[in-house]
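Heads up, the thing below is written out as structure tokens.
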Amino acid sequence: MTNFSTLPRLRRTAVTALAVSIGAIGFSTQVFASCLGMQIHAHRGSASAPENSARALQTGYAGAWDGVETDMQQLSDGTWVLHHDLQTGRSVLAGAPRPVSQLTQADWRNARMTLNGRQTNEPPPFLADVLAIANTFPGKTLNAEIKEVVSNCTPIQGLVTQMKQGVPHGNWFLTSGLLQNLRCARTADRQGYMGLIVFDGRNAEAAGSNKLTKFVARHSKAPVLNRAWMDHLVAQLGLPAGVHVDARTMDANPYLLDDAADTRLAVFAYAVQGDEALAEAIGHAKARTGKLPSGAVIDGDAQAFCRRVTQVIGQR
């Protein structure tokens, strides 16, 4: 089974690494998903608070997930903050919608987050705020996506330094949809796990429904993630590494888990269509290969998701 137990220890300085069984960590005050050997991460933190807010991540860490997933971008001065979208205006209100890269630190402090479409009094967090939270949960993983497009490696090398200093126990990793971002991170972190997020054009409308995204979704085919593709990724990025894929991509590549195991790549799965679709895809994968992904990024309750996955597997 392709899991973190088969990968090298992430960082020698870590109190615990993803390769260590979560049941053996020994932090009695922390609750884990215990989901068939998969790590279960809360997508942008707990859904009970504004997405990517400090409260959402704090709640995610304190809940029954094994880690939290979040998104990082840079302000105009290069300061890293948490934000998902290309512009403000949905989850973060900061005047007229605009890219995060056009905002100052003062703008960010004065901005307010939304929950279920309504403004709250909660300001969006700086990365430093979240690293302080992560450092108090050494048994749980910070899964941090680099959303930035950079012209050189300096910003990402600086990000790695900030992560190492802010979370010295080492239980964190970086992901990105851009291989070059991860190659930059690798120059500053030889031992850290890196996850390449593979975009499936069929899900283009998830970024916003308009003529362009509808066209892309209608004309796209599933990405082909075969053994040759994985060998190339390992050659480009090195290990430890993995691929992070949508449920539809996993379904479209029936040998993905087998090929990943052969190349020592982890596989994390998520589903634009929701947790039920993800549970079904994991069940399909288990029936085809006898294997499970290394982990899953989910929107809802971890224990409910794990019960559903167990039910799906039992039905096949």
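In what follows, every heavy atom counts, from backbone to side chain, and hydrogens, waters and symmetry copies are set aside.
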Subject >> Spacing of NZ belonging to K140 relative to NE2 belonging to H41, to within rounding of 0.5 Å >> reply: 10.0 Å

**OP:** Determine, stepwise, if the pair L127 / M163 fulfils side-chain contact (heavy atoms from CB on, under 4.5 Å).
**Re:** CA-CA 9 Å; L127 176 60; M163 299 287 287; 4.2 Å; yes

Original post:
Does R248 offer a backbone N or O that forms a donor-acceptor pair with the side chain of D251 under 3.5 Å?
Top reply: no

**OP:** If the plane angle is over 60° it's perpendicular, under 30° parallel, otherwise tilted; pick one for H244 and F268.
**Re:** parallel

Original post:
Does some side-chain heavy atom of Q74 sit less than 4.5 Å from a side-chain heavy atom of V100?
Top reply: no

Original post:
Between the side chain of T114 and the main-chain N/O of G117, is any donor-acceptor distance below 3.5 Å?
Top reply: no

**OP:** Rounded to the nearest 0.5 Å, what's the gap from CG on L233 to CE on M194? Could you check?
**Re:** 12.0 Å

Original post:
Do Q180 and C153 touch side chain to side chain, with heavy atoms closer than 4.5 Å?
Top reply: yes

Subject >> Any S91 side-chain heavy atom under 4.5 Å of H84 side chain >> reply: no

Subject >> same_hphob_cluster(W65, L36) at 4.5 Å side-chain heavy-atom cutoff >> reply: yes

Original post:
If you take all heavy atoms of G60 and S46, which pair is closest and at what distance?
Top reply: N-CB, 4.0 Å

Subject >> Minimum side-chain heavy-atom gap M38-D66 below 4.5 Å >> reply: no

Subject >> Nearest heavy atoms of G283 and I313, plus distance in Å >> reply: CA-CG1, 4.3 Å

Subject >> Heavy-atom donor-acceptor pair, T213 side chain to A204 backbone, under 3.5 Å >> reply: no

Original post:
Going through the checks in order, is the side-chain contact (heavy atoms from CB on, under 4.5 Å) test met by N52 and H83?
Top reply: CA-CA 7 Å; N52 281 329; H83 190 252; 5.8 Å; no

Original post:
Residues in salt bridge (Lys or Arg N to Asp or Glu O under 4.0 Å) with K147, at least two apart?
Top reply: E145

Original post:
When rounded to the nearest 0.5 angstrom, what is the spacing between CG in N135 and NE2 in H169?
Top reply: 5.0 Å

Subject >> Residues Q39, S294; criterion side-chain contact (heavy atoms from CB on, under 4.5 Å); working and verdict >> reply: CA-CA 6 Å; Q39 279 220 351; S294 311; over 6 Å; no

Subject >> With D85 via salt bridge (Lys or Arg N to Asp or Glu O under 4.0 Å) - residues at least two apart >> reply: R90

Original post:
side-chain contact (heavy atoms from CB on, under 4.5 Å) between W108 and V92: does it pass, once the steps are laid out?
Top reply: CA-CA 9 Å; W108 199 247; V92 172; 4.1 Å; yes

Original post:
Taking only residues two or more places apart in sequence or in another chain, which ones pass salt bridge (Lys or Arg N to Asp or Glu O under 4.0 Å) with R55?
Top reply: E122

Original post:
Rounded to the nearest 0.5 Å, how far does CZ of R186 lie from CG of L174?
Top reply: 9.5 Å

Subject >> Non-neighbouring partners of T175 that pass side-chain hydrogen bond (donor to acceptor under 3.5 Å, both in side chains), sequence neighbours left out >> reply: none

**OP:** Mind checking ring-ring contact (aromatic ring centres under 6.0 Å, His included) for Y61 and listing every partner two or more places apart, or none if nothing turns up?
**Re:** F137

Subject >> Side-chain donor-acceptor pair present, N143, T141, cut-off under 3.5 Å >> reply: no

Original post:
Do L239 and V243 belong to the same hydrophobic cluster, where Ile, Leu, Val, Met, Phe, Trp and Tyr are linked whenever their side-chain heavy atoms lie under 4.5 Å apart, directly or via other members?
Top reply: yes

Subject >> Heavy-atom side-chain proximity of C306 to I40 below 4.5 angstrom >> reply: yes

**OP:** Would you mind listing every salt bridge (charged side-chain N to carboxylate O under 4.0 Å, His left out) that reaches into residues 294-304, with sequence neighbours excluded?
**Re:** none

**OP:** Answer yes if L159 and L75 sit in the same cluster of Ile, Leu, Val, Met, Phe, Trp and Tyr residues linked by side chain heavy atoms under 4.5 Å apart, and no otherwise.
**Re:** no

Subject >> All pairs passing salt bridge (charged side-chain N to carboxylate O under 4.0 Å, His left out) where residues 265-279 contributes a residue, at least two apart >> reply: E276-R308

**OP:** Check S220 against V216 and note the closest heavy-atom contact, atom names and distance.
**Re:** OG-O, 2.5 Å

Original post:
Under a 4.5 Å cut-off applied to non-hydrogen side-chain atoms, are P138 and N171 in contact?
Top reply: no

Original post:
What distance separates L182 CG from D189 CG, expressed to the nearest 0.5 Å?
Top reply: 11.0 Å

Subject >> Residue list, salt bridge (Lys or Arg N to Asp or Glu O under 4.0 Å) with D231, at least two apart or on another chain >> reply: R227

Subject >> Transitive ILVMFWY side-chain link L142 to I146, under 4.5 Å >> reply: yes

Subject >> With sequence neighbours excluded, residues passing side-chain hydrogen bond (donor to acceptor under 3.5 Å, both in side chains) with T161 >> reply: none

Subject >> Donor-acceptor pair, side chain of T289 and main chain of A285, under 3.5 angstrom >> reply: yes

Original post:
Which atom names give the shortest non-hydrogen contact between L103 and A94, and what distance separates them?
Top reply: CD1-CB, 4.3 Å

**OP:** Can you establish whether the number of heavy atoms outside L179 located under 6.0 Å from its atom CG is more than 12?
**Re:** yes

**OP:** For residues 206-237, pull every pair meeting ring pair (Phe, Tyr, Trp, His ring centres under 6.0 Å), keeping only residues two or more places apart or in separate chains.
**Re:** F215-H219

**OP:** For the pair R202 and D200, find out whether any cationic side-chain nitrogen is under 4.0 Å from an anionic carboxylate oxygen.
**Re:** yes

Subject >> Nearest heavy atoms of N152 and V150, plus distance in Å >> reply: O-CG2, 3.2 Å

**OP:** Decide yes or no for V130 and M72: does some side-chain heavy atom of the first lie under 4.5 Å from some side-chain heavy atom of the second?
**Re:** no

Original post:
Would you say the side-chain atoms of T263 pair up with the backbone N or O of A260, donor to acceptor, closer than 3.5 Å?
Top reply: yes

Original post:
Q162 and side chain to side chain contact (heavy atoms under 4.5 Å, CB included): which partner among L131, V167, T79?
Top reply: L131

Original post:
Taking only residues two or more places apart in sequence, or in another chain, which ones meet R109 in a side-chain hydrogen bond (donor to acceptor under 3.5 Å, both in side chains)?
Top reply: Q105

**OP:** Check the hydrophobic clustering (I, L, V, M, F, W, Y; side-chain heavy atoms under 4.5 Å; chains of links allowed) and say if I282 and L225 are grouped together.
**Re:** yes

Original post:
How about Q273 and N203: do any of their side-chain heavy atoms sit closer than 4.5 Å?
Top reply: yes

**OP:** Mind jotting down which residue pairs meet the salt bridge (charged side-chain N to carboxylate O under 4.0 Å, His left out) criterion with at least one end in residues 69-81? Sequence neighbours excluded, please.
**Re:** R44-D71

Subject >> Distance in Å, I156 CD1 paired with N181 CG, rounded so as to fall on 0.5 Å steps >> reply: 3.5 Å

Subject >> Atom of P123, atom of R112 and distance for their closest heavy-atom approach >> reply: CB-NH1, 3.6 Å

